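One structure below.
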Amino acid sequence: MRLRIDLGYDGTGFYGWARQPQLRTVQGEVESALCKVLHLTREPDREIRLTVAGRTDTGVHALHQVCHVDLDPEILERCVGHMQVPAPEALCRRLRRVVPDDIAIHAVSVAPEGFDARFSALERTYVYRVSDGGQPVDPRTRGFVVSIDDPLDVDAMNAAAAHTIGLHDFGSFATPNPGGTTIREVKLARWTRIPTLPLTSVEIGGTGIGGTGIGETGIGETQTGETGTGTGSDTVGRYVTPHVESGLICFTIIADAFARNMVRSLVNGCLQVGRGRKTVDWFAGKIAEPVREGSTGPAAAKGLTLEHVQYPADDQLASRAQAIRAVRTL
């Protein structure tokens, strides 16, 4: 029986996804939790191995990662115990209690026929978050936002990123896996400066915090729609709570798959363009001539998050997995 596991994690305390001897990894923690809740710790001959949609590097986060594991049905039933729920749901509940706080188990389900977490995926979405211009970083976001003193030219970075769209050899920005290539198809690559937006668009009416009504005129406005700065029954003028990402620059990139270090190296190249240290033509030349060199190394890991993995309809899973196993060519 194949199970699909949807999860997320804060990558700060992990040496990446893949299991490594003597090092703390996401795969290692989840496999250990599976062995514990399925009572396999005393059965060393039974090995559990997860297959993941995308192996994240040291320090990289995941909001929504996907993996699969193959289990005998009778082993899966061990986790049910007194719970009157299907075995996958029982496993999900028990895993949530066992995994460390920097891992979140979103769901466990029986995988459809032909599902492969890695090879069936249609596309992956990553987001890289930056605070530029020496702006103070919200301390709550310090683990997933990279701070840069220089102001960034978002238009120039988008002009560079536009050269990544389509099927290219990203050899200037990535390292191939053994037997693989750095040819990938990028479907979207876009830098966006998030405006400073209020968390809510309504105001507390009446005579302040203890008022009796909620108006629809917007925070910081009088009942007549004029911006207010004072207090009292006619003017709210209180603190506007911003969205946590307000003011950040976010790079969103979607591709069928990514080679090792590819996203962070593309980010670093774009940042050099945004700082005025490199030109858009330089970036375009690195796409056209895939040669790895020092100026196209990866940006800091903590700014990167795997946001989403997309799969086709169930009846297309097997064919997608078979097609994607072929070595890519231009």
Side-chain angles (χ1 to χ4, degrees), residues 1-112 115-118 120-121 124-127 129 140-144 244 301-311:
M1 173 185 290
R2 176 160 293 183
L3 296 178
R4 168 176 168 164
I5 303 176
D6 292 64
L7 71 159
Y9 45 87
D10 177 347
T12 305
F14 295 105
Y15 287 88
W17 165 270
R19 175 185 286 275
Q20 301 181 58
Q22 310 304 317
L23 294 177
R24 185 172 186 259
T25 68
V26 182
Q27 181 182 9
E29 291 288 347
V30 177
E31 287 177 352
S32 295
L34 282 167
C35 286
K36 182 174 183 179
V37 301
L38 295 173
H39 309 293
L40 294 176
T41 53
R42 297 181 181 179
E43 302 179 42
D45 57 316
R46 292 185 182 271
E47 186 177 59
I48 285 183
R49 280 291 179 266
L50 297 171
T51 298
V52 72
R55 288 191 283 182
T56 50
D57 295 331
T58 297
V60 174
H61 317 292
L63 176 65
H64 199 152
Q65 175 72 277
V66 181
C67 62
H68 77 247
V69 63
D70 295 324
L71 293 173
D72 293 335
E74 61 271 21
I75 292 179
L76 178 60
E77 288 296 326
R78 296 176 181 179
C79 70
V80 176
H82 66 280
M83 290 187 284
Q84 297 181 351
V85 297
E89 174 62 23
L91 178 60
C92 182
R93 294 183 185 183
R94 294 192 187 278
L95 283 176
R96 286 173 176 168
R97 297 188 184 102
V98 172
V99 294
D101 291 341
D102 45 5
I103 296 177
I105 304 297
H106 299 323
V108 178
S109 58
V110 177
F115 176 81
D116 185 291
R118 178 185 178 188
S120 294
R124 287 96 169 155
T125 300
Y126 280 89
V127 174
R129 293 173 172 87
R140 297 169 300 171
T141 68
R142 67 189 184 278
F144 63 91
V244 71
K302 73 174 185 178
L304 185 61
T305 300
L306 172 61
E307 299 277 340
H308 182 68
V309 182
Q310 183 69 35
Y311 292 94

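Note that this is a predicted model, so its numbers are computed, not measured. What's counted below: heavy atoms across the whole structure, side chains too, no hydrogens, waters or symmetry copies.
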State, to 0.1 Å, how close [X] and [Y] come at their nearest heavy-atom pair, and which atoms those are.
| X | Y | answer |
| --- | --- | --- |
| Arg4 | Tyr311 | NH1-CD1, 3.8 Å |
| Ala90 | Met83 | CB-CE, 3.5 Å |
| Arg124 | Ala53 | NH2-O, 2.7 Å |
| Val60 | Leu304 | CG1-O, 3.5 Å |
| Pro88 | Ser109 | CB-CA, 4.3 Å |
| Arg94 | Val80 | NH2-O, 3.3 Å |

Are [X] and [Y] close enough that some pair of their side-chain heavy atoms sits under 4.5 Å apart?
| X | Y | value |
| --- | --- | --- |
| Val52 | Gln65 | yes |
| Leu34 | Val98 | no |
| Val66 | Phe115 | yes |
| Arg129 | Thr141 | no |
| Val69 | Val30 | no |

Got a second to check how far [X]'s [atom1] is from [Y]'s [atom2], nearest 0.5 Å?
| X | Y | atom1 | atom2 | value |
| --- | --- | --- | --- | --- |
| Cys92 | Arg97 | SG | CZ | 10.0 Å |
| Met1 | Ile75 | CE | CD1 | 11.5 Å |
| Arg118 | His68 | CZ | NE2 | 10.5 Å |
| Leu76 | Asp70 | CG | CG | 12.0 Å |
| Gln20 | Thr25 | CD | OG1 | 6.5 Å |
| Glu31 | Ile48 | CD | CD1 | 7.5 Å |

| Does Lys36 use its side chain to pair, donor to acceptor, with the backbone of Val99 at less than 3.5 Å? | no
| said: I'd like to know if the side chain of His61 and the backbone of Asp10 have a donor-acceptor N/O pair within less than 3.5 Å. | reply: no
Over 12 foreign heavy atoms within 6.0 Å of [atom1], [X]:
| X | atom1 | result |
| --- | --- | --- |
| Asp72 | CG | yes |
| Arg24 | CZ | yes |
| Arg55 | CZ | no |
| Glu74 | CD | yes |

| said: Name the residue from Leu63, Asp102, Thr56 that meets the side chain to side chain contact (heavy atoms under 4.5 Å, CB included) definition with Tyr9. | reply: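 Output: one option passes, namely Thr56.
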| task | Check step by step if side chain to side chain contact (heavy atoms under 4.5 Å, CB included) holds for Asp116 and Arg2. | result | CA-CA 9 Å; Asp116 185 291; Arg2 176 160 293 183; 4.1 Å; yes
| request: Determine the interplanar angle of the His64 and His106 rings, folded into 0 to 90°, and report it as parallel if under 30°, tilted if 30 to 60°, perpendicular if over 60°. | output: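 The arrangement is perpendicular - the two ring planes meet at more than 60°.
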| task | Under the side chain to side chain contact (heavy atoms under 4.5 Å, CB included) rule, what do Val85 and Arg93 come out as? Steps first, then yes or no, please. | result | CA-CA 10 Å; Val85 297; Arg93 294 183 185 183; 3.6 Å; yes
